[in-house]
Amino acid sequence: MDLQTAEIRVKELHNLLNQYNYEYHVLDKPSVPDAEYDRVLHELIELEQQFPELKSPDSPSERVGGEVLDMFSKVQHQTPMLSLGNAFNEEDLKDFDRRIRQAVGDNFSFVCELKIDGLAVSLKYEDGLFVQGATRGDGQTGEDITANLKTIRSIPLRLNENVSIEVRGEAFMPRKSFNALNKLREEKEEELFANPRNAAAGSLRQLDPRIAASRNLDIFLYNIADVGETGVVSHSEGLDLLEKLGFKANRERRRCANIEEVIEFINYWTEKRPELPYDIDGIVIKVDSLDQQQELGTTAKSPRWAVAYKFPAEEVVTKLKDIELSV
Ligand SMILES: NC(=O)c1cc2c(=O)c3cc(F)ccc3oc2nc1N
C-alpha cells in the first residue's frame with residue numbers, strides 16, 4: 001500500500017473508531033461488538049507503524065497509552081479550580097438560599113447535579129483538539145496528566161466543532177470496574193483500593209499510561225471554565241453545549257425553581273443513590289444564570305453561587321481482612 005492510499009485509509013479508520021467510541025462510551029449504545037472495534041483499531045496501529053508520519057495526536061491509537069513518563073510536569077490553571085463549600089442539612093441549604101436572595105433578589109433558579117465522587121480534572125482544547133489535561137492540585141497549579149486522560153474513552157480527542165475551550169469535570173471509576181480491579185489485586189495479593197475515588201486518583205497518577213488505560217475510567221464534564229465566546233447565558237445551557245461538542249455530561253441534572261425543589265431532588269437521590277453504577281458523595285447546587293454567578297463571585301477558595309450538599313457518612317464498618325499472623 002502506498003503512502004497516499006494509507007493516508008486515506010487512516011482517515012477512514014479514525015472516523016470509524018471515533019464513531020464506535022462515541023456510541024459506546026458517551027451514548028452507551030454501541031453499534032458494533034468490541035471485537036470489531038479491536039480489529040479496526042489493530043488495522044490503524046499497523047498502518048501507523050508502517051507509516052509513522054500518519055500518526056496524529058488525536059489518533060484513536062492514543063487510547064492504549066504511550067511511553068512511560070518519568071514525572072508529571074506542572075500546569076498553571078488560567079482560571080483557578082476552586083472547591084465547593086459544603087452543606088450538611090436543610091438549615092445549611094436554607095442559609096445558602098437566603099445568601100443568594102440577599103445578593104441577587106428573588107428571581108433566580110438552581111441547577112442540581114449529582115456530585116460524582118472522583119478526581120477533579122481540567123481539559124484544554126485548541127481548535128477542537130485535546131491538548132492538555134490536568135489535576136486540580138492546589139487550585140492554581142495542577143499536574144499534567146494528559147497522557148493518562150487520553151486513555152479515558154469518553155474524553156473526545158477531537159471535538160465536534162473546532163473551538164478552543166477549557167472544561168472541568170470529574171474523572172471516576174465505575175463501581176463495576178472498581179470491584180473487578182480489587183478482585184484482581186486480591187488474587188495477586190496486592191494492596192486493595194479503599195474506594196473507587198482512591199482507585200481513580202491512583203490510576204490517573206500512574207506514570208505509565210498503559211496502566212491508566214487498563215482501569216476503565218470514565219468522566220462527567222460539569223463546567224466550562226471560560227464561557228466568554230461561547231455565548232451561553234446559563235449553566236444548564238453550558239451543560240447542553242458540552243454534550244453538543246461531544247462531551248459526556250451527567251444526565252441526572254435538574255433545574256429547580258426554589259430550594260424546596262432542591263430538597264426534593266436531594267431526598268430522591270438519597271434513596272436512589274445505591275442504584276447508580278458509580279459513587280456519588282452528595283448533590284451540587286448551582287445558581288443557573290451565569291450573570292448572577294458573576295454577581296455573586298467567589299471567595300479565595302469557593303464559588304458563592306454553588307454549594308455541595310454532602311450525604312451523611314454511612315456507618316460503614318470496613319471489615320478488616322483477617323490478618324494472618326505470620327508465625
Ligand atoms: N464532583 C462533581 O460532580 C462536581 C464538582 C464540582 C466542583 O468541584 C465545582 C467547583 C467549583 F469551583 C465550581 C463549580 C463546581 O461544580 C462541580 N460540579 C460537579 N458536578
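Values reported hereafter were calculated over all heavy atoms of this structure, with side chains retained and with hydrogens, waters and symmetry mates removed.
Side chains of Gln132 and Thr146: a donor-acceptor N/O pair is absent below 3.5 angstrom, by distance only. Using modelled atom types and a 3.5 Å distance limit, the side chains of Gln76 and Thr141 yield a donor-acceptor pair. Between the side chains of Thr270 and Asn267, no donor-acceptor pair is found at a separation under 3.5 Å. Gln78 and Lys124 share a donor-acceptor pair across their side chains, judged by distance under 3.5 Å alone.
Contact check on Glu237 versus Lys244 returns no salt bridge, with no Lys/Arg side-chain nitrogen under 4.0 Å from an Asp/Glu carboxylate oxygen. Between Asp97 and Lys94, none of the side-chain N atoms (NZ, or NE/NH1/NH2) sits under 4.0 Å from a carboxylate O, so this pair counts as no salt bridge. By the 4.0 Å N-to-carboxylate-O rule, Glu62 lies close enough to Lys150 to be salt-bridged with it. Look at Glu243 and Lys248 and you find no salt bridge, because none of the NZ, NE, NH1 or NH2 atoms lies under 4.0 Å from a carboxylate O. A salt bridge links Arg168 to Glu166: at least one charged side-chain nitrogen sits closer than 4.0 Å to a carboxylate oxygen.
Formation of a donor-acceptor pair under 3.5 Å by the Gln19 side chain with backbone atoms of Asn15 is not found in this model. Looking only at distances, a side-chain donor or acceptor of Arg185 sits under 3.5 Å from a matching main-chain atom of Glu191. Under the 3.5 Å distance criterion, the side-chain polar atoms of His235 are left unmatched by any main-chain donor or acceptor of Asn223. Side-chain atoms of Thr151 come within 3.5 Å of backbone N or O of Asn148 as a donor-acceptor pair. Put simply, the side chain of Tyr222 never gets that close to the backbone of Leu114: no donor and acceptor are under 3.5 Å apart. With hydrogens and angles ignored, the 3.5 Å screen pairs a side-chain donor or acceptor of Glu170 with a backbone N or O of Gly118. Between the side chain of Ser214 and the main chain of Ile211, a donor-acceptor pair closer than 3.5 Å is present.
With a 4.5 Å cut-off on side-chain heavy atoms, His14 and Asp58 count as touching. Between Val163 and Tyr125, the closest side-chain pair of non-hydrogen atoms is not below 4.5 Å. The shortest distance between side-chain heavy atoms of Asp138 and Met81 does not fall below 4.5 Å. Residues Ile219 and Val121 meet the side-chain proximity criterion, which asks for heavy atoms closer than 4.5 Å. Between Phe88 and Asn86, some side-chain heavy-atom pair lies under the 4.5 Å cut-off. Between Tyr37 and Asn21, the closest side-chain pair of non-hydrogen atoms falls below 4.5 Å. Put simply, the side chain of Leu159 does not reach to within 4.5 Å of the side chain of Glu161, judged on heavy atoms. Side-chain contact check for Tyr278 versus Met173: every heavy-atom pair is 4.5 Å or farther apart.
Across all non-hydrogen atoms, the minimal contact from Cys112 to Val262 is SG-CG2, 3.7 Å. Taking every heavy atom of both residues into account, Asn160 and Gly246 meet most closely at ND2-N, 3.4 Å. Between Leu84 and Ala306 the shortest heavy-atom distance is CD2-CB, 3.7 Å. Nearest heavy atoms, Leu157 versus Ser59: CD1-O, 3.5 Å.
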Task: Chi angles and distances behind the side chain to side chain donor-acceptor pair (under 3.5 Å) call for Glu126, Ser164 - done: CA-CA 4 Å; Glu126 273 161 19; Ser164 297; over 6 Å; no

- [ ] Apply side-chain contact (heavy atoms from CB on, under 4.5 Å) to Arg273 and Phe311, showing your working.
- [x] CA-CA 10 Å; Arg273 176 182 176 199; Phe311 292 123; 3.3 Å; yes

Task: Worked check of side-chain contact (heavy atoms from CB on, under 4.5 Å) between Arg254 and Phe110 - done: CA-CA 8 Å; Arg254 193 174 116 188; Phe110 294 112; over 6 Å; no

TODO: List the steps, then state whether salt bridge (charged side-chain N to carboxylate O under 4.0 Å, His left out) holds for Arg253 with Asp240.
DONE: CA-CA 11 Å; Arg253 59 192 187 256; Asp240 296 342; 2.9 Å; yes

TODO: Before giving the answer on salt bridge (charged side-chain N to carboxylate O under 4.0 Å, His left out), spell out for Glu187 and Lys183 the whole-Å C-alpha distance, their side-chain angles and the decisive distance to 0.1 Å.
DONE: CA-CA 6 Å; Glu187 282 155 13; Lys183 193 161 170 301; 3.2 Å; yes

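Residues Ile152 and Val64 fall into different hydrophobic clusters, defined by Ile, Leu, Val, Met, Phe, Trp and Tyr side chains chained together at heavy-atom separations under 4.5 Å. Note: the hydrophobic cluster containing Ile8 does not contain Leu47 (ILVMFWY, side chain heavy atoms under 4.5 Å, direct or indirect links). Residues Leu242 and Ile116 do not share a hydrophobic cluster, clusters being chains of Ile/Leu/Val/Met/Phe/Trp/Tyr side chains in contact below 4.5 Å. The hydrophobic clustering, which links ILVMFWY residues whose side-chain heavy atoms are closer than 4.5 Å, places Phe178 and Leu119 together.
Between the CG atom in Leu16 and the CG atom in Leu41 there is a gap of 11.5 Å [rounded to 0.5 Å].
Applying the salt bridge (charged side-chain N to carboxylate O under 4.0 Å, His left out) test to residues at least two apart or on different chains, the pairs with a partner in residues 196-214 are Asp117-Arg197, Glu143-Arg205, Asp208-Arg210. Pairs of residues two or more places apart, or lying in two chains, that qualify as salt bridge (charged side-chain N to carboxylate O under 4.0 Å, His left out) and include a residue from residues 275-302 are Glu113-Lys286, Lys115-Asp281, Arg175-Asp279, Arg255-Asp288, Lys272-Glu275, Asp281-Lys310.
Hydrophobic cluster membership of Leu82, counting Ile, Leu, Val, Met, Phe, Trp and Tyr whose side-chain heavy atoms lie under 4.5 Å apart directly or via other members: none, as it forms a cluster of its own.
Other residues, nucleotides and ligands contribute over 12 non-hydrogen atoms within 6.0 Å of the CD atom of Glu190. Residue Asn107 places its CG atom among 12 or fewer non-hydrogen atoms of other residues, nucleotides or ligands, all under 6.0 Å distant. Within a 6.0 Å radius of CD in Glu53, other residues, nucleotides and ligands contribute more than 12 heavy atoms.
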